[in-house]
Amino acid sequence: MSQNPVSTMFDLTGKLAIVTGNGSELTPSISAALSEAGAMVVIASHIETEIKKATVAVEETGGTPLAINVDLSNSSEVEDMLCTVLSQAGKVDILVNNLGIDFYKPFVDVTLNELNTVIDRTLRSTFLCSQSIGTQMLEQNFGRIIHIGSGLMDRGLPNGVVTSSIYGYIRQMTASLGLEWATKGIRVNAIATGWMLPNSEEIQDDRTNIPSKYIPLKRYGEFSEIAGLLVYLSSDNSDFVTGQVFHLDGGLIAHA
Amino acid sequence: MNTLFDKFNLSENTAVITGGGTGLGREMALALSRAGAYVIIAGRRQNPLKEVADIIIHEGGKCLPVQTDVTDSSEVNRLLDLSIKKFRKVDVLVNNAGIVAGQGGKPIWEISDSEWRNVIDANLTGSFYCARAISQHMIERGSGKIINVSSGFGLRGGRDNYMYASSKGGVIQLTRALATSLGRYGVTSNCLVPGIFRTEGTIKSQEQLPRAEFVPVGRLGIPNEIGPIVVFLASQASNYMNGSLFSVDGGALAGGYAPTDHKPFKELSENILLT
């Protein structure tokens, strides 16, 4: 690790971070960023391929992740997951609720089954993880909870009623929980991502006109570009920051 | 330049910060220097600039204090010309100069033309002058970071708070206009939204500001807490952030300036939704 003073500003050495997943392509990048900043990373998801990819990403940074296959919409499984983490690490400093979903359909065609599945995988899982791990953070009088959301936290979208409603829930949860635990040493913030792709090769290969048409920076973001903001919000130096949504989108939301 | 921490590093970067002699600007200047940047500190008064410059040089950093009134466009142009001449380039502009205290606190019918203009000029026009003066240089280089500094009052209103709220709201819109206009050239613009920090300026204007007990985290900000976020926004680690707001306010904007530890008025068993 670099000895430059910036490393002390953003250092996460000795911190324990749980990264939840719901099949998001961002999970490996999020896990790797926290590991590279020095944190011990737990990857919690019910999707084996996601766990594997994130494990490899953490290992590439020199870290050894703890991978837990868990149904995050099941309260007893979430409790068991927390017990496993506590038995090995004794604490949880950082929770990244990375439980977004892309579900787009005309509103009249959405079935109740689909709605329930989406709610279970996102809203219910975020609620259970925040409550269960938050209780542990309250005991510690320290914690950082970071929700990974999208621009739909602030904007509507045709055929995106279900998805944007859930992001609206996450947004308000960020604000209210941030306030509720403001004096308890716990900080709750969210990162609202825009259009991002895994790496520079895929960005170069992209043949859509999305960047030129919609993104002020005229390019997609790379997944790894979430690292800086994520690590800042996870660090001790973000103690005066809570209840906020931070857009990471190349200027998308700033535009009319 | 591969590791995460390298991306935060500002070595070989040149940063111009206005209002860098006092308050949050002083802390931003020190943090930028500690992260490796050459810092040009601009401010109206010579003595505070010299004090910050002395600290930076004592710590082994490089800096150039330049006495500047940001409300005078010829002085702003001179500041940025001088910076480019001395360091060959400017990577980062932090538009921090502004007036906190003495901006009014009286009914609208008592505000004079000059009182209105003084605050709008210092807080908004100065940022416009600086961004205008550096924009072409950054566009030619295909990179650059403009960091504006607004306030919670840029997003919310306050009683008898006319010039400050209007000017800081203008700073947020200036940021969005810059972000959506200069982004295509690789120049990003973002906006810090500090809450209440314990600085010289805020202590003077305390009668108009909420007390610490009304800040959700239960305390005022400590000036050096602004450092890491400025370093992040000035660095390669924030390259995909553009037109974004960064509230560092102890949770103030998440709710309102209300007493903390709110308890529900009814016990849960009385809650209509659950019966």
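Only a predicted model underlies this, so the values are computations on that prediction, with no experimental measurement involved. The chains referred to below are lettered A, B, ... by the order of the sequence lines, with proteins before strands, and numbering in each begins at 1.
- Each of A:Thr242, A:Val241, A:Asp239 was checked for a side-chain contact (heavy atoms from CB on, under 4.5 Å) with B:Val217, and the lone residue meeting it is A:Thr242.
- Of all the heavy atoms in A:Ala182 and B:Pro216, the pair that sits closest is CB-O, 3.2 Å.
- Counting heavy-atom pairs closer than 4.5 Å to chain A, the top-ranked of the candidates B:Val187, B:Ile172, B:Leu182, B:Val248 is B:Val248.
- For A:Ile226, no part lies near chain B; criterion is any non-hydrogen pair under 4.5 Å.
- Looking only at heavy-atom pairs under 4.5 Å with chain B, the residue among A:Val245, A:Leu248, A:Leu252, A:Asn237 that has the most is A:Leu248.
- Going from atom CZ of A:Phe240 over to atom CG of B:Asn224 covers 12.0 Å, rounded to the nearest 0.5 Å.
- Heavy atoms of A:Val231 lying under 4.5 Å from chain B belong exclusively to its side chain.
- Within the 4.5 angstrom heavy-atom criterion, atoms from both the backbone and the side chain of B:Ser247 approach chain A.
- Taking CG from A:Leu233 and CD1 from B:Ile229, the interatomic distance works out to 7.0 Å, rounded to the nearest 0.5 Å.
- More than 12 heavy atoms of other shown residues, nucleotides or ligands fall within 6.0 angstrom of atom OH in A:Tyr169.
- What you find for B:Ser244 and A:His247 is that their closest heavy atoms are OG-O, 2.7 Å.
- Within 6.0 Å of the CZ atom in A:Phe127, the count of heavy atoms belonging to other residues, nucleotides or ligands does not exceed 12.
- Chain A forms the most heavy-atom pairs under 4.5 Å with one residue out of B:Gly251, B:Ala179, B:Ala237, and that residue is B:Gly251.
- Between chain B and the options A:Gly250, A:Gly243, A:Ala227, A:Ala33, heavy-atom pairs under 4.5 Å are most frequent for A:Gly250.
- Within a 6.0 Å sphere centred on CD of A:Glu59, other residues, nucleotides and ligands contribute more than 12 heavy atoms.
- Only the side chain of A:Gln244 comes within contact range of chain B, judged by heavy atoms closer than 4.5 Å.
- Contacts of A:Leu217 with chain B are made by both backbone and side-chain atoms, with heavy-atom separations under 4.5 Å.
- Put simply, the side chain of B:Thr180 never gets that close to the backbone of A:Pro216: no donor and acceptor are under 3.5 Å apart.
- Annotation: side chain of B:Asn239 is not in contact with side chain of A:Glu222 (no heavy-atom distance under 4.5 Å).
- With respect to chain A, the highest number of heavy-atom pairs below 4.5 Å among B:Ala177, B:Gly186, B:Ala254, B:Ser238 belongs to B:Ala254.
- Side-chain contact between A:Tyr232 and B:Val231: absent, with no pair of heavy atoms (C-beta onward) separated by less than 4.5 Å.
- The aromatic rings of B:Phe8 and A:Phe10 lie parallel to each other, with less than 30° between the two planes, well short of the 60° mark.
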Steps toward side chain to side chain contact (heavy atoms under 4.5 Å, CB included) verdict (B:Asn190, A:Phe246): CA-CA 11 Å; B:Asn190 291 290; A:Phe246 298 91; over 6 Å; no

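- Counting heavy atoms of neighbouring residues, nucleotides and ligands inside a 6.0 Å radius, atom NZ of A:Lys91 exceeds 12 of them.
- Put simply, CZ on B:Phe232 and OG on A:Ser238 are 11.5 Å apart, with the number rounded to the nearest 0.5 Å.
- A:Arg187 touches chain B through its side chain: at least one heavy atom from C-beta onward sits under 4.5 Å away, while N, CA, C and O do not.
- At distances below 3.5 Å, at least one donor-acceptor pair connects side-chain atoms of A:Glu36 with backbone N or O atoms of B:Leu4.
- Here the side chain of B:Tyr240 pairs a donor or acceptor atom with the backbone of A:Gly221 at under 3.5 angstrom.
- The 12-atom threshold is exceeded at NZ of A:Lys218, counting heavy atoms of other residues, nucleotides or ligands nearer than 6.0 Å.
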